[in-house]
Amino acid sequence: MASDARPRALSGIQPTAGSFHLGNYLGAIRQYVALQESHDAFYMVVDLHAITVPQDPAELRANTRFAAAQLLAAGLDPERCTLFVQSHVPEHAQLGWVMNCLTGFGEASRMTQFKDKSAKHGADRATVGLFTYPILQVADILLYQATHVPVGEDQRQHIELTRDLAERFNGRFGDTFTVPAPYIVKETGKIYDLQDPTIKMSKSASTPKGLINLLDDPKVTAKKVKSAVTDTDTVIRFDPENKAGVSNLLTIMATLTDTSVADLEKSYEGKMYGALKTDLAEVMVDFVTPFRARTQEYLDDPETLDSILAKGAEKARAVAAETLAQTYEKIGFLPAKH
Ligand code: AQP
């Protein structure tokens, strides 16, 4: 077991698009950055998850570096957290198999993300990997004995599955795994599409106009914010049920400027939606401009980037190998003699 006595955080992000989007950042990455101060934090680029849908090999490799560069640009510090690539730590796939054998078929079938994603990709083209992806995620978390898992709201069900499987294993074989808790920030756990504020912002959105990619040209970002869908009313008020678009903009603005939504409501009293959009566009541009520059700096130095990831994988493996060894022993696998 590692000597760090702090609680453990673990999370991962897929290298499935060149750029992270604002939902990824506000829902998850911002929390990664905060938790590296208080937790022994492990963050990974989950390339094993990425191949649950078809990937071009060269793009996947490039996107993996892109993802790592963006995590560093967002504020992850390799001195304060462990940053690595999932496929560099083979224990993920190994514990994933064990967890597959512990999960009921019906239980796995109830995962709503599989239903959504297989519908998007075409049910006949959905792979078994896409179906079992939440179970690999269980292994990802349990390998590190994580106490907290910073994610967006869409991952809550997978964390519930993780808790169930950890308890099942512990009940059957004796205490082995820490039962983790989701770390979901209520306000930003679900950031909505700017064109359809009733659905989550997502890279597979039906129109790119609703999606803020952090690496887009800031001018494009400003334009998207200014053309966000609101409503026919004129009052700037936080009311997600009746004013989903405006409420989403207020949430984004409040989080990026460290202001409360109530204070924003006061400061926009008597003002039109256009004023909020113009200000938010400016805030977004101020946020993405240095983010893009920092990402580029890491990408321009792939040797340093790769060496950060290599050190991260070494640290991660030390923890993961110990958990896997304990698991194998509990299950009754005959130890290999070296
Ligand atoms: N809209 C969102 N609001 C809050 N959090 C979000 N996350 C994703 N979208 C939002 C969180 O970002 C983290 C990384 O997500 P991922 O690697 O699983 O990426 P994803 O789910 O593939 O992202 P998309 O855009 O949602 O992909 P598609 O379109 O394929 O479904 C996670 O913690 C996630 O909760």
Side-chain angles (χ1 to χ4, degrees), residues 9-35 41-55 60 63-64 66-68 70-71 74 76 85-86 111-122 125-127 129-130 133-134 136-137 140-141 146 148-162 180-208 210-216 228 240 244-245 247-249 251-252 255-256:
L10 177 287
S11 200
I13 188 151
Q14 299 196 67
T16 42
S19 175
F20 291 156
H21 60 71
L22 189 63
N24 297 143
Y25 177 71
L26 296 179
I29 299 167
R30 220 167 168 267
Q31 281 62 258
Y32 297 2
V33 177
L35 289 184
F42 290 75
Y43 301 121
M44 57 184 172
V45 180
V46 290
D47 51 355
L48 297 180
H49 287 282
I51 63 162
T52 54
V53 297
Q55 300 291 335
L60 178 60
N63 283 341
T64 301
F66 251 92
Q70 288 174 87
L71 288 171
L76 290 192
V85 174
Q86 187 185 26
M111 296 298 116
T112 55
Q113 244 207 9
F114 172 73
K115 292 181 195 158
D116 295 347
K117 290 202 175 194
S118 58
K120 267 185 204 166
H121 295 284
R125 285 166 60 209
T127 63
L130 187 65
Y133 143 106
L136 179 59
Q137 203 176 326
D140 296 339
I141 297 165
H148 297 96
V149 187
V151 283
E153 188 60 52
D154 59 348
Q155 297 295 324
R156 188 182 289 278
Q157 194 187 29
H158 295 169
I159 313 302
E160 275 308 315
L161 177 69
T162 310
Y183 186 91
I184 300 173
V185 174
K186 187 169 156 272
E187 291 79 6
T188 55
K190 190 168 180 183
I191 297 296
Y192 294 88
D193 186 286
L194 295 192
Q195 286 301 310
D196 180 355
T198 62
I199 59 169
K200 125 184 145 140
M201 183 178 287
S202 137
K203 62 179 172 291
S204 47
S206 54
T207 156
L211 172 70
I212 302 273
N213 277 318
L214 301 184
L215 296 180
D216 274 353
S247 302
N248 192 34
L249 296 182
T251 299
I252 297 169
T255 312
L256 288 178

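Atoms within a ligand are numbered from 1 in the order they appear, just like the ligands themselves. Owing to the predicted nature of the structure, the values given are computational and were not obtained by experimental measurement. Every heavy atom of this structure was used, including side-chain atoms; hydrogens, water molecules and symmetry mates were not.
- For atom 19 (O) of ligand 1, the closest non-hydrogen atom of the protein is Lys203 NZ, 3.8 Å.
- With a 4.0 Å cut-off on non-hydrogen atoms, Gln14 touches ligand 1 through its backbone as well as its side chain.
- Residue contacts with ligand 1, taken as heavy atom pairs separated by less than 4.0 Å, involve Ser202 via backbone and side-chain atoms alike.
- The closest protein non-hydrogen atom to atom 28 (P) of ligand 1 is Ser204 OG, 3.5 Å.
- With a heavy-atom cut-off of 4.0 Å, His21 touches ligand 1 through its side chain alone.
- At the shortest separation from atom 8 (C) of ligand 1 among protein heavy atoms lies Asn24 ND2, 3.3 Å.
- Between Leu214 and Leu22 the shortest side-chain heavy-atom distance falls below 4.5 Å.
- The closest approach between Thr16 and ligand 1 stays at or above 4.0 Å for every heavy atom of the residue.
- At a heavy-atom distance under 4.0 Å, only side-chain atoms of Lys117, from C-beta outward, approach ligand 1.
- Between Gly152 and ligand 1, an N or O atom pair is found at a separation short of 3.5 Å.
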Checklist line | Trace of the side chain to side chain donor-acceptor pair (under 3.5 Å) decision for Thr255 with Glu187 | finding: CA-CA 9 Å; Thr255 312; Glu187 291 79 6; over 6 Å; no
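- Atom 26 (O) of ligand 1 has as its closest protein heavy atom Lys200 NZ, 2.5 Å.
- Put simply, CD on Gln55 and CG on Asp47 are 10.0 Å apart, with the number rounded to the nearest 0.5 Å.
- Within the 4.0 Å heavy-atom criterion, the part of Thr188 lying near ligand 1 is the backbone and not the side chain.
- Checking Val151, Asp154, Ile29 against atom 35 (O) of ligand 1, the nearest heavy atom belongs to Asp154.
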